[in-house]
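Working notes for the structure below.
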Amino acid sequence: MESLFHETGHAMHDIFTTAPYGTLSGTSVSWDFVETPSQTMEEWVYDPAVLESLSGRYTNASETIPPDLARRAIASRDEGLGIQYSSQLAYALEDMRFHTASGPVNVTEVWNETCVEIKGRPAVAGTRQPASFSHLMGGYDAGYYGYLWSKVYALNVVDTFEHDGMTNTITGLRFRNDVLARGNMEDGTVLLTNFLGHEPGVEPLYAYLGISRTQAASNTA
Ligand SMILES: [Zn+2]
C-alpha cells in the first residue's frame with residue numbers, strides 16, 4: 001500500500017501540472033525535491049480513517065480492518081526506524097565525502113569511518129559496500145541525500161495536513177495548486193514556503209523519529 005501511494009504521489013505530480021513546457025513540469029524538479037510528493041502521499045496509508053476506508057477482508061470486502069489490527073499495523077512502522085534512518089544518513093554522507101574529496105579516496109576506509117561515526121559500529125569485515133552502491137555515480141552523484149531531504153519536506157507538508165485534517169479538501173487543493181501543479185516553475189523551497197506559510201524545517205523529521213531537539217543538538221555538538 002505504501003508503494004502504491006508513493007508512486008501515486010509521483011503520478012499526481014505529473015498529472016496536475018499546469019507548466020507550459022515538459023522541462024518545467026511534474027517530476028522535472030530538483031533531485032532533492034522530487035521525492036517530496038511521493039513521500040508525502042505515503043503518510044495517508046498510516047492514517048487510521050484512511051486505512052479503514054481502504055481495507056476489506058478478501059472473502060468479504062465490506063468487513064474492514066479491525067481497529068486493533070490497524071493500530072498494530074501503524075505502530076509496527078516504528079520498528080527499526082533508528083537503523084533505517086542512520087543507514088540513510090550514512091549513505092548520504094559517504095556519497096558526499098567521495099564527491100567532495102580533493103584526491104584519491106580509499107572508499108572502503110571512508111565507508112568504514114562513516115559507519116563508526118553514524119551507526120556506532122564498523123561495516124562487516126571483508127565487505128565492500130561502495131562496490132555495490134550504484135547511486136554513487138551515473139547521474140545521481142552526490143545526490144543520495146535527496147531521499148532524506150525530500151522526507152524532511154514531505155513531513156513538513158504532512159504536518160499541515162495533520163493540523164487541518166488529512167482529508168481536508170481545501171488544504172488538498174492548496175497542495176495541488178501551490179506545489180504539485182507548479183512543477184519546476186519555481187524552486188521547490190519557494191513552492192513549499194508558499195504552501196506552508198513558512199520555510200520548511202527539520203523539526204518534523206525529528207518528531208517523526210522520536211528525537212527531541214535537545215538530543216539532536218547534543219549529538220551534533
Ligand atoms: Zn519515488
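Since the structure is predicted, the reported quantities are computational estimates derived from the model, not experimental observations. Whatever order the structure lists ligands and atoms in, that order sets their numbers, starting from 1.
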| field | Check: Asp95 side chain, Gly143 main-chain N or O, donor-acceptor pair, under 3.5 Å | value | yes
| request: List for me each residue that meets ring-ring contact (aromatic ring centres under 6.0 Å, His included) alongside Tyr46, sequence neighbours excluded, and say none if there are none. | output: none
| said: So, 2.8 Å as the limit: is an N/O/S atom of Glu35 located closer than that to the Zn ion (ligand 1)? | reply: yes
| note | Sorted by chain and number, sequence neighbours left out, side-chain hydrogen bond (donor to acceptor under 3.5 Å, both in side chains) with Glu117 holds for Arg97
| task | Starting from the Zn ion (ligand 1), look over the N/O/S atoms of His10 and name the nearest one. | result | NE2
| query | Can you name the N/O/S atom of His6 that is nearest the Zn ion (ligand 1)? | reply | NE2
| query | Hey, are Thr64 and Glu52 close enough side-chain-wise for a donor-acceptor pair under 3.5 Å? | reply | yes
